[in-house]
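In what follows, a structure is listed as structure tokens, so that the remarks can point back to it.
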Amino acid sequence: MLDINFIRNHQSLVEKSSHEKGYSVNISDLLMLDDRRKALLQTVESLRRERNEVAGQMKGGKPSPELIAKGKAIKEELAKKEPELSSIEQELSDMLQQVPNIIFEDVPLGGEECSVEISNWGKKREVGVDHLDYATQRGWLDFERGAKVAGAKFYYLKDGLALLENALLQFGLKKVTEHGFHYMTVPDMVSSRILEGCGFNPRSSKQSDEYYIEGEDLAMIATAEMPLTGYHMDEIIDEKELPLCYAGYSACFRKEAGTYGKYTRGLFRVHQFNKLEMYVFCLPEDSKKTHEQIREIEEEIWQEIGIPYRVINIAAGDLGAPAAKKYDIEYWSPVNQKYQELTSCSNCTDFQARSLNIRVRRENGSIETLHTLNGTAISLARTMVALIENYAEPEGKLKIPSVLQPYFGGATEL
RNA sequence: GGAAGGGUGGCCGAGUGGUUGAUGGCACCGGUCUUGAAAACCGGCAAGUUAAUAGCUUCGCAGGUUCGAAUCCUGUCCCUUCCGCCA
């Protein structure tokens with residue numbers, strides 16, 4: 001969430017930025033509620049002060065009836081005001097949760113179609129192989145039995161594709177650890193505080209894309225970003241420890257409701273997939289630089305695997321609430337003759353960190369909210385789609401990119 | 001799942017109704033001493049809110065009792081040990 005004082009001092013900026021992102025938030029209402037909160041807080045605090053003074057006068061001796069009566073009166077007054085205050089605070093917090101992060105100045109305005117290509121790499125292939133037909137025919141992919149067991153858009157990977165997934169993970173791990181990321185596995189469920197603190201829609205929202213556990217305050221994670229953000233919740237980290245770079249590997253679960261009209265064939269959009277995610281906690285002044293570094297690592301991965309791609313700067317209207325700026329890497333799909341999303345990396349500045357109370361203690365002792373960033377290292381299911389489209393021969397073998405060959409005992413094709 | 005015990009400041013650990021936001025120790029910072037360091041001694045040292053070194057809040061969390069709660073009651077979460085179950 002944003003800092004209420006920041007909102008107060010930059011009202012028009014917040015309104016403009018929210019509007020660009022497509023959020024309708026009434027900042028004036030929010031500030032008026034905060035005014036009410038402050039006034040009531042002062043009342044409550046002066047009552048508490050009186051209460052403490054009265055109680056202090058009584059200790060030791062036997063209190064006079066007058067003093068006790070005074071104390072009782074204060075207590076009753078507080079009993080009326082305090083619930084009022086907490087209800088306003090709750091309401092204010094709910095409203096604050098609705099305000100999305102401020103976008104950076106270099107984020108293109110407009111909807112999805114306004115995202116800007118900032119670079120591209122590789123030679124687009126003219127023709128490709130449909131991954132679903134190819135992998136199913138080779139007995140590597142079974143959506144039918146996935147559906148039988150768990151419903152539509154669940155699947156089994158077998159033999160070649162299952163081995164390929166493992167090889168891709170090993171390669172991704174090698175890349176991220178080379179860049180100083182600490183590999184970790186994470187809980188595949190998180191509590192609602194983590195989920196909402198990361199900026200995802202709460203359970204009550206119709207737009208929620210998460211699976212929830214009935215009777216528990218738990219959701220299946222949609223990305224390792226969730227447990228990685230929560231890792232340092234309520235902590236104050238010494239400046240010299242930063243940046244903290246983690247690479248979390250997890251299953252990811254998504255309902256994918258409301259994805260009609262988007263490309264959903266085969267493994268491209270499924271309810272469960274595995275992903276290696278990079279995550280960084282850093283100093284506020286370092287986050288822009290770090291964002292570029294994460295993007296470079298992602299590009300390095302696709303270049304080494306040899307998949308043509310472009311990098312786009314995501315337009316404001318297509319940014320989620322937490323991101324101040326986001327890059328997507330889209331690979332060239334020779335099958336669909338268009339670019340399709342493969343990875344993304346976001347600079348969430350202090351938005352998630354403020355919600356989850358993650359701070360840095362500076363060398364001079366001062367404390368402030370730090371910045372968080374996330375980026376996909378490898379999203380396995382989609383990567384396998386891109387790989388088959390680019391590397392399979394129709395009715396033939398799947399060539400193995402050279403960087404993956406070590407994980408197949410040096411074999412050059414499957 | 002059953003039983004018992006426990007959650008206090010960066011760490012350890014006192015504290016069972018009234019200057020205890022919290023004794024003490026460790027760690028850390030500053031000083032004296034020393035050629036330097038160590039030791040010893042002196043001083044400082046939680047967070048949030050706030051314009052504030054005023055006040056208020058915080059002893060896992062949430063309620064309750066009371067003029068007053070770290071301390072009593074209820075619920076809840078987590079941890080430890082034992083039993084059961086189990087990869």
Side-chain angles (χ1 to χ4, degrees), chain A residues 1-10 30-31 33-97 185-197 203 212-219 226-227 230-242 244 250-251 281 284 350-370:
Chain A
M1 61 175 69
L2 292 178
D3 177 15
I4 182 70
N5 292 316
F6 178 88
I7 295 177
R8 188 173 289 283
N9 297 329
H10 303 83
L30 190 141
L31 293 177
L33 190 65
D34 189 47
D35 289 338
R36 279 176 57 206
R37 190 197 114 251
K38 280 183 175 172
L40 193 55
L41 183 63
Q42 284 187 6
T43 308
V44 167
E45 287 193 350
S46 62
L47 280 170
R48 281 171 180 162
R49 176 187 186 171
E50 283 182 57
R51 177 197 63 194
N52 292 345
E53 281 170 358
V54 168
Q57 287 166 27
M58 278 188 230
K59 66 174 175 288
K62 352 172 192 333
S64 71
E66 293 78 21
L67 214 45
I68 289 187
K70 194 176 172 190
K72 273 191 170 168
I74 295 170
K75 178 190 172 186
E76 280 162 21
E77 188 65 14
L78 266 175
K80 278 191 287 187
K81 299 289 187 190
E82 280 181 330
E84 206 179 317
L85 179 63
S86 64
S87 119
I88 287 182
E89 283 175 338
Q90 182 59 51
E91 196 182 336
L92 187 67
S93 150
D94 289 348
M95 282 178 87
L96 264 178
Q97 198 84 37
T185 62
V186 300
D188 281 351
M189 297 186 207
V190 292
S191 67
S192 59
R193 183 178 168 205
I194 303 287
L195 182 102
E196 289 167 32
R203 188 171 202 154
Y212 290 91
I213 307 301
E214 192 174 344
E216 307 267 353
D217 182 32
L218 285 173
M226 294 173 176
Y231 188 71
H232 285 301
M233 176 169 78
D234 291 327
E235 291 183 21
I236 299 173
I237 297 164
D238 278 338
E239 177 173 358
K240 59 177 184 288
E241 310 247 351
L242 297 179
L244 286 167
S250 77
F281 299 85
D350 58 4
F351 190 84
Q352 295 175 325
R354 182 170 298 103
S355 297
L356 292 180
N357 197 26
I358 309 170
R359 294 167 295 176
V360 53
R361 179 179 278 112
R362 296 284 193 172
E363 299 286 0
N364 68 14
S366 70
I367 287 168
E368 63 188 289
T369 305
L370 49 67

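Letters A, B, ... mirror the listed sequences (proteins, then strands); counts begin at 1. Here the structure is a predicted model, which is why all the values come from computation and not from measurement.
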**OP:** Dump the intermediate steps for salt bridge (Lys or Arg N to Asp or Glu O under 4.0 Å) on A:Arg359 and A:Asp234, then the final yes or no.
**Re:** CA-CA 8 Å; A:Arg359 294 167 295 176; A:Asp234 291 327; over 6 Å; no
For [N], the Watson-Crick or wobble counterpart (both distances under 3.5 Å):
N: B:rG1; answer: B:rC83
N: B:rC56; answer: B:rG48
N: B:rC61; answer: B:rG75
N: B:rU20; answer: none
N: B:rG9; answer: none
N: B:rG68; answer: none

Between [N] and [M], how far apart are the two [atom1] atoms, rounded to whole Å?
N: B:rC79; M: B:rC45; atom1: P; result: 35 Å
N: B:rA70; M: B:rG6; atom1: C1'; result: 15 Å
N: B:rG21; M: B:rA69; atom1: P; result: 11 Å
N: B:rC33; M: B:rC41; atom1: C1'; result: 9 Å
N: B:rA54; M: B:rU66; atom1: C1'; result: 28 Å
N: B:rG30; M: B:rU20; atom1: P; result: 30 Å
N: B:rU50; M: B:rU57; atom1: P; result: 16 Å
N: B:rA52; M: B:rG36; atom1: P; result: 42 Å

Within this structure, what is the [atom1]-to-[atom2] distance between [X] and [N], rounded to whole angstrom?
X: A:Glu216; N: B:rC78; atom1: CD; atom2: C1'; result: 14 Å
X: A:Lys70; N: B:rG68; atom1: NZ; atom2: C1'; result: 14 Å
X: A:Glu76; N: B:rU66; atom1: CD; atom2: P; result: 10 Å
X: A:Gln90; N: B:rA62; atom1: CD; atom2: C1'; result: 13 Å
X: A:Glu89; N: B:rU57; atom1: CD; atom2: P; result: 13 Å
X: A:Asn357; N: B:rA47; atom1: CG; atom2: C1'; result: 9 Å
X: A:Asp217; N: B:rA62; atom1: CG; atom2: C1'; result: 14 Å
X: A:Ile236; N: B:rG9; atom1: CD1; atom2: P; result: 13 Å

**OP:** Determine yes or no for a side-chain-to-main-chain donor-acceptor pair under 3.5 angstrom, with A:Arg37 supplying the side chain and A:Glu89 the backbone.
**Re:**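 Side chain of A:Arg37 to backbone of A:Glu89, a donor-acceptor pair under 3.5 Å: no, none is there.
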Original post:
Is it true that A:Glu53 and A:Arg49 make a salt bridge, defined as a side-chain N closer than 4.0 Å to a carboxylate O?
Top reply: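 Result for this pair is yes, salt bridge flagged.
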**OP:** Tell me which of A:Gly71 and A:Arg361 sits closer to the 5' end of RNA chain B, going by the nucleotide each one is nearest to.
**Re:**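 Residue closer to the 5' terminus by nearest nucleotide: A:Arg361.
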Original post:
For A:Lys72 and A:Ile367, take the nucleotide of RNA chain B holding the closest heavy atom to each; which residue's nucleotide lies nearer the 5' end?
Top reply: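 Per heavy-atom nearest nucleotide, the more 5' residue is A:Ile367.
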Subject >> Nearest listed nucleotide, side chain of A:Asn5, among B:rA46, B:rU50, B:rG48 >> reply: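 Side chain of A:Asn5 sits closest to B:rU50.
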Subject >> Evaluation steps, side-chain contact (heavy atoms from CB on, under 4.5 Å), between A:Asp350 and A:Leu370 >> reply: CA-CA 6 Å; A:Asp350 58 4; A:Leu370 49 67; over 6 Å; no
**OP:** Run the numbers on A:Glu368 and A:Arg362 for salt bridge (Lys or Arg N to Asp or Glu O under 4.0 Å), then give the verdict.
**Re:** CA-CA 8 Å; A:Glu368 63 188 289; A:Arg362 296 284 193 172; 2.6 Å; yes
Original post:
Is there side-chain contact between A:Arg193 and A:Leu356, with heavy atoms separated by less than 4.5 Å?
Top reply: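 Yes; the side chains approach each other to less than 4.5 Å.
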Subject >> Residue pair A:Asp217, A:Ser191: steps toward the side chain to side chain donor-acceptor pair (under 3.5 Å) verdict >> reply: CA-CA 5 Å; A:Asp217 182 32; A:Ser191 67; 4.8 Å; no
Original post:
Under 4.0 angstrom, heavy atoms only, what part of the nucleic acid is A:Asp234 near: base, sugar-phosphate, or nothing?
Top reply: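 No contact.
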**OP:** Please test A:Glu82 against A:Arg48 for salt bridge (Lys or Arg N to Asp or Glu O under 4.0 Å), starting from the C-alpha separation and ending with a verdict.
**Re:** CA-CA 10 Å; A:Glu82 280 181 330; A:Arg48 281 171 180 162; 3.0 Å; yes
**OP:** Start with the C-alpha gap between A:Asp238 and A:Val360, add the side-chain angles, then the distance that decides, and say whether side-chain contact (heavy atoms from CB on, under 4.5 Å) holds.
**Re:** CA-CA 6 Å; A:Asp238 278 338; A:Val360 53; over 6 Å; no
Original post:
Looking at residues 36-52 of chain A, who's got a heavy atom less than 4.0 Å off RNA chain B?
Top reply: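 A:Glu45, A:Arg48, A:Arg49, A:Arg51, A:Asn52, in order of number.
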